[in-house]
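Values below: all heavy atoms of this structure, side chains included; hydrogens, waters and symmetry mates excluded. The model shown is predicted, which means the values in this text are computed figures rather than measured ones.
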Amino acid sequence: MVSDHSPVRAIGEAHIQPLLDAFMAKDNWALSQSARRILSAQPASFVRIDDFMTGDEIEHDPIYTSARNFGVGSLVCTSISIPGGELFLFMFLRWLKDGDYDQATIDLLNRLRPHLARAGLIAQRLGLERAGTAVSVLGDMGLPAAVTGGSGRVLLANSLLDGMADVFLSLAHGGMALADEPANALFQQAVVLNRDNRFVRSIPVSATKGRPALIVHLLPLRRAAQDIFSGAEILVAATTVSVDTIVPSPSMLSALFDLTPAEARLATALASGRSTQEAAMEIGVAVKTARSYLERIFRKTGTNRQSQLVALLKSARSFS
């Protein structure tokens with residue numbers, strides 16, 4: 001999947017995943033003449049990639065060389081544009097021993113193309129539905145929240161955030177900004193950096209006469225099966241600065257961050273001030289198991305240190 005506002009993402013069948021991993025590593029795909037030609041042509045039907053290349057280009061293209069060394073020969077590809085501006089590329093490969101794709105096979109793939117387009121669009125919408133659930137849950141907790149795309153365009157927002165026009169400003173083309181200028185500079189920088197380096201960011205917003213100080217949290221949304229069809233979406237939530245922050249319940253953490261029940265119980269224990277060893281004992285698991293849970297919690301919350309995780313969890317409090 002290709003987008004102007006997020007990194008190129010790809011997934012393949014297990015038996016060719018090593019080849020795909022090498023293709024995607026360190027943006028190796030950008031070095032390939034064949035990849036650039038296909039992105040430029042954006043074929044509206046399945047085509048042989050060889051037809052867009054000269055013999056000399058095929059011979060010296062590093063991606064072709066890697067594919068041949070892996071045992072892959074003929075490749076066909078099509079592109080599908082979707083309303084959000086992303087471009088889906090569907091590629092089918094044959095082993096060298098099986099020869100080239102013939103026209104009858106390409107015609108068959110073209111009959112399947114509309115179904116592939118619908119599948120990609122549905123997968124993307126499912127990702128947005130899950131993001132919408134997080135925004136709704138945060139609203140139930142009393143937290144203003146929204147989900148933005150990789151470009152900063154607001155995709156979803158709850159009514160609490162809509163009611164904070166003195167904090168969150170609407171920009172052209174559906175963008176978002178913070179009214180506090182120093183905070184907005186950090187906010188816009190975080191949105192841009194998130195396209196390549198997905199990390200949690202918390203931004204302080206100064207108090208005004210009418211409201212207390214705020215912390216605006218940016219949490220990259222991470223998914224599993226539909227990652228390929230998800231852009232660099234960010235969950236944006238605002239919390240007031242308070243010394244009596246309450247740790248949310250395990251069920252609330254499960255809903256917010258897609259944690260398993262055991263992971264949520266561990267996260268709650270850690271946010272309550274327990275050490276990993278104490279938290280493991282409290283929830284009845286071995287320390288080694290607790291550490292394994294913690295690594296998964298880090299991945300799901302976009303954090304990489306226990307102190308960062310605890311600060312994030314403590315900010316997810318109920319205002320009711």
Side-chain angles (χ1 to χ4, degrees), residues 1-7 9 81-87 120-206 208 211 214-223 226-240 255-258 300-302 312 315-316 319:
M1 180 174 173
V2 182
S3 169
D4 289 338
H5 307 301
S6 58
R9 300 175 301 287
S81 298
I82 62 171
E86 294 88 355
L87 185 71
L121 186 58
I122 289 170
Q124 188 194 49
R125 293 289 172 83
L126 286 174
L128 285 178
E129 284 186 16
R130 291 192 64 189
T133 298
V135 169
S136 178
V137 169
L138 286 167
D140 292 342
M141 294 173 62
L143 295 174
V147 170
T148 71
S151 64
R153 181 171 62 91
V154 177
L155 305 177
L156 303 158
N158 61 30
S159 59
L160 296 178
L161 186 135
D162 288 337
M164 296 182 69
D166 61 324
V167 178
F168 296 95
L169 305 179
S170 296
L171 301 179
H173 309 295
M176 175 192 289
L178 300 180
D180 182 287
E181 290 187 10
N184 186 55
L186 296 173
F187 181 85
Q188 301 303 333
Q189 179 187 57
V191 170
V192 172
L193 292 176
N194 181 66
R195 295 170 193 168
D196 298 313
N197 303 298
R198 315 197 72 186
F199 60 95
V200 172
R201 182 72 181 268
S202 296
I203 298 170
V205 179
S206 301
T208 65
R211 62 159 177 78
L214 299 171
I215 303 293
V216 174
H217 304 278
L218 290 86
L219 178 70
L221 292 176
R222 300 168 186 270
R223 306 192 234 291
Q226 63 268 38
D227 263 349
I228 180 62
F229 298 109
S230 302
E233 291 95 355
I234 308 171
L235 177 64
V236 179
T239 61
T240 57
L256 284 175
F257 301 110
D258 196 26
K300 292 179 180 181
T301 59
L312 174 68
S315 71
F319 290 172

Task: Nearest atoms (heavy-atom pairs only) where Val191 meets Leu218 - done: CG2-CD2, 4.2 Å
- [ ] Could you point out which residue of Val154, Asn184, Leu161, Val205 forms a side-chain contact (heavy atoms from CB on, under 4.5 Å) with Phe168?
- [x] Leu161
Open item on the list: Once salt bridge (Lys or Arg N to Asp or Glu O under 4.0 Å) is applied, what residue pairs with a partner in residues 173-182 remain, sequence neighbours excluded?
Closed with: none
- [ ] Name all pairs fulfilling the salt bridge (Lys or Arg N to Asp or Glu O under 4.0 Å) condition that reach into residues 156-178, sequence neighbours left out, sorted by first residue then second.
- [x] Asp166-Arg211
Open item on the list: Check whether Gln188 reaches the backbone of Met176 with its side chain - one donor and one acceptor, N or O, closer than 3.5 Å.
Closed with: yes
Open item on the list: Under a 3.5 Å distance rule, please check whether Asn158 uses its side chain to pair with a backbone N or O of Asp140 as donor and acceptor.
Closed with: no
- [ ] Check each of Val135, Thr148, Leu156 against Leu235 using the side-chain contact (heavy atoms from CB on, under 4.5 Å) test, and report the only one that passes.
- [x] Val135
TODO: Please tell me if the side chains of Leu160 and Leu143 come closer than 4.5 Å, counting only heavy atoms from C-beta onward.
DONE: no
